[in-house]
2 protein chains.
Amino acid sequence: MYKVKEVATMAGVSVRTLHHYDHIGLLSPGNVNEKGYRLYGEREVARLQQILFFKEMDFSLPKIKQILDDPEFDEEEALQHHREILWKKKARLERLIQSVDQTLETVRGGTLMEDEKRFKPFDMSEIEEHQKKYEKEVEERWGDTEAYKESKRKTNNYTDEDWKRIQEESNRIDRELVKLMGRDPSDEEVQRLIGEKRQHITDNFYECKGEIFRGLADMYVNDPRFTKNIDKWNEGYAEFLKKAIHTYCDRLG
Amino acid sequence: MYKVKEVATMAGVSVRTLHHYDHIGLLSPGNVNEKGYRLYGEREVARLQQILFFKEMDFSLPKIKQILDDPEFDEEEALQHHREILWKKKARLERLIQSVDQTLETVRGGTLMEDEKRFKPFDMSEIEEHQKKYEKEVEERWGDTEAYKESKRKTNNYTDEDWKRIQEESNRIDRELVKLMGRDPSDEEVQRLIGEKRQHITDNFYECKGEIFRGLADMYVNDPRFTKNIDKWNEGYAEFLKKAIHTYCDRLG
DNA sequence: GTTGACTCTGACGTTACGTCATACCTTATC
DNA sequence: GATAAGGTATGACGTAACGTCAGAGTCAAC
């Protein structure tokens, strides 16, 4: 087991970075001793390597967390993607080197370069495309799950009336939860409503097991589109929901 | 002449970025029309390419500005350095690709990787060394100037008494300037003291021509070490000085 | 004149830490 | 046991380089 300094030195990151990663739940220590010292083991070190790979691919920390926390996360598949992106990055650097040489020629020759030609090699779109592709694959993986299939089967024959009823019930639950935002997420009333919310999903879409519910909660805060939408109810509602759902799932065992 | 959208599209940056660069004096438009529209020409486009190269080398914007604004800036030399750094970056990517392959092997073989081995390829120190080397060269270029030589000649025979006198006079000027920080930097009294400050340098170190004085002012705010030191007089003093000196030099013509 | 795209300035927000303060912990040495 | 140096924790403010958005003016085509 390593302490923070050892891991930080080994990995070439700062202690502050490790604190930060712990704080956001990206990389929690394997253990914490009686004095509060973080202790990291092999699994944590391996995860940190994964994180550094994803960072090298310009993924944001919330997105990295989402990917790594996905039960369907496939390390081999991820590494394959890293490989591809690294090759594209390398190709870009080669284009930049070429551009430097060209620019040197024009400087030495006292000529001018076409304005448009100057910037082509800096182009990142191919690399960004690949990132988006990977993200899309991760998101589309949801489409392969039993939950999704069940949801599809259930909702296939819903009438407009059904949808209206479902929307209204959902809105009611959210409205009541928002009213209780001043309370602690572990509050009994809050937890009861979270239970209702979960039941609502199970009744109308798919069986909302603990792990799925928890993953949904993480998505609420990790995916800016969800956060933005949910926070329309009230500022910070997504964060409140996440905490409440996590507490609820903790108690499920 | 191009407007912001054209340049932004051409260069793959945002309009906001161009605004920002103008604001910090990194890339000013060649012209501004009657309606306040920024207009960029060939020289500005070429400078933007330089900026993007330096950004690719992970230089900060203030540092880029300092380098590009240096009268001794040598484009050819800079490009040579870029070339070297790009090669080192490429080599690093190759090491990362190798690491991915190794990691794939261990994952497939169900074995573990040595903890320390995981992070070596992420190492940036060689690249950072080269950046520091370039920065050091830029700073040491000051040592080649006539101003520096003159300063050396002048100060060579200074006694402790001389140094004490010079320090006291310098402190007096600064003390008075700090008192006037509430005024506009173009204020007459402020400008008189700026004149004194310049005279002090000319009398005791080297002939402080307009361009040199202006360059000095830029260094006060672009080099964090200067800023930190100067702002010990009062918070924001470096920025105040810069503005006052620029105004003074503007009036010199 | 209208519309849609473009321009400006100003200002707040974001991400991933860096920096620093304060207090506790550990280890080696005297 | 005391001390010193190095290590650990939490908390909080600050940073760089924009991104986002608001409100208002401009331009070109219909």
Side-chain angles (χ1 to χ4, degrees), chain A residues 1-29 31-40 48 51-52 54-66 122 124 128 221-225 227-228 231 235-236 238-239, chain B residues 1-29 31-40 48 51-52 54-66 122 124 128 221-225 227-228 231 235-236 238-239:
Chain A
M1 294 298 253
Y2 307 102
K3 279 181 279 190
V4 282
K5 179 85 182 282
E6 291 166 281
V7 177
T9 303
M10 191 194 309
V13 299
S14 68
V15 168
R16 177 76 185 89
T17 299
L18 293 175
H19 287 174
H20 181 63
Y21 288 176
D22 187 14
H23 181 73
I24 63 175
L26 178 59
L27 179 65
S28 307
N31 219 6
V32 180
N33 77 8
E34 334 76 64
K35 295 300 175 349
Y37 284 25
R38 295 169 174 85
L39 301 172
Y40 298 85
L48 181 54
I51 291 164
L52 293 188
F54 278 103
K55 275 192 40 161
E56 193 66 38
M57 308 304 139
D58 301 317
F59 282 84
S60 73
L61 299 188
K63 183 57 70 175
I64 295 171
K65 177 172 152 62
Q66 185 186 353
F122 294 99
M124 290 273 289
E128 282 158 1
V221 296
N222 289 334
D223 191 324
R225 290 163 303 178
T227 308
K228 197 167 186 175
D231 275 359
E235 193 170 333
E239 183 66 35
Chain B
M1 294 300 254
Y2 307 102
K3 278 182 280 188
V4 279
K5 178 84 182 283
E6 290 166 281
V7 177
T9 303
M10 192 193 312
V13 300
S14 68
V15 169
R16 177 78 184 88
T17 299
L18 294 176
H19 288 174
H20 182 61
Y21 289 174
D22 185 14
H23 180 71
I24 63 175
L26 177 58
L27 178 65
S28 306
N31 219 5
V32 180
N33 77 8
E34 338 73 64
K35 294 302 177 345
Y37 285 25
R38 296 169 173 84
L39 302 172
Y40 298 85
L48 180 54
I51 290 164
L52 292 188
F54 277 104
K55 274 191 42 160
E56 194 67 38
M57 309 303 139
D58 302 315
F59 283 84
S60 72
L61 298 187
K63 182 59 66 177
I64 296 171
K65 178 176 152 59
Q66 185 185 352
F122 294 98
M124 289 274 289
E128 282 158 0
V221 295
N222 289 334
D223 193 324
R225 291 163 301 178
T227 307
K228 197 166 186 176
D231 275 358
E235 191 169 337
E239 183 67 34

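Any value given below was found using the heavy atoms of this structure, including those in side chains, with hydrogens, waters and symmetry copies removed. The chains referred to below are lettered A, B, ... by the order of the sequence lines, with proteins before strands, and numbering in each begins at 1.
Leu48(B) has its side chain out of reach of Met10(B): every pair of non-hydrogen atoms, C-beta onward, lies at least 4.5 Å apart. Using a 4.5 Å heavy-atom cutoff, the side chains of Tyr21(B) and Leu61(B) are in contact.
If you check dT26(D), dA16(C), dC25(C) against the side chain of Tyr37(A), the one that comes closest is dC25(C). Proximity note for Leu61(A) (side chain, C-beta onward) versus dC18(D), dT26(D), dC17(C): the nearest is dC17(C).
Atom pair Asp58(B):CG and dC17(C):C1' shows a separation of 16 Å (rounding to whole Å applied). The distance between atom NE2 of His23(B) and atom P of dC12(C), rounded to the nearest whole Å, is 14 Å. In this entry the distance linking CE of Met1(A) with P of dT8(D) reads 14 Å, nearest Å. The nearest whole Å value for the distance from the NE2 atom in His20(A) to the C1' atom in dT15(C) is 8 Å. Distance Leu39(A) CG to dT26(C) P: 11 Å, rounded to the nearest Å. One can place CG of Leu52(A) at 14 Å from C1' of dA16(C), the figure rounded to the nearest angstrom. Computed from coordinates, the Glu6(B) CD to dA28(D) P distance equals 12 Å when rounded to whole Å. For the pair Ile24(B) CD1 and dC18(D) P, the interatomic distance rounds to 8 Å; values are reported in whole Å.
Shown for residues 10-19 of chain B: residues whose heavy atoms fall under 4.0 angstrom of DNA chain C, namely Arg16(B), His19(B).
In this structure, CG in Leu52(A) is found 10.5 Å from CE in Met57(A), a value given to the nearest 0.5 Å. The NE2 atom of His23(A) lies 8.5 Å from the CZ atom of Arg16(A); values are rounded to the nearest 0.5 Å. With rounding to the nearest 0.5 angstrom, the NZ atom of Lys5(B) is 5.5 Å from the OG1 atom of Thr9(B).
In terms of position on DNA chain C, the residue among Pro62(A) and Val4(B) whose nearest nucleotide sits closer to the 5' end is Val4(B).
Phosphate contact (OP1/OP2 of dC18(D), side-chain N/O of Lys55(B), threshold under 4.0 Å): present. Between dC8(C) and Arg38(B), a contact under 4.0 Å exists linking OP1 or OP2 to a side-chain N or O. Side-chain nitrogen and oxygen atoms of Tyr21(A) include at least one within less than 4.0 Å of the OP1 or OP2 phosphate oxygen of dC17(C). Checking the phosphate oxygens (OP1, OP2) of dA9(D), no side-chain nitrogen or oxygen of Lys5(A) falls inside 4.0 Å.
Each of Leu39(A), Asp22(A), Leu18(A) was scored for a side chain to side chain contact (heavy atoms under 4.5 Å, CB included) with Pro29(A), with one residue passing: Asp22(A).
In terms of heavy-atom proximity, Ser14(A) sits nearest to Ala8(A) at C-CB, 4.0 Å.
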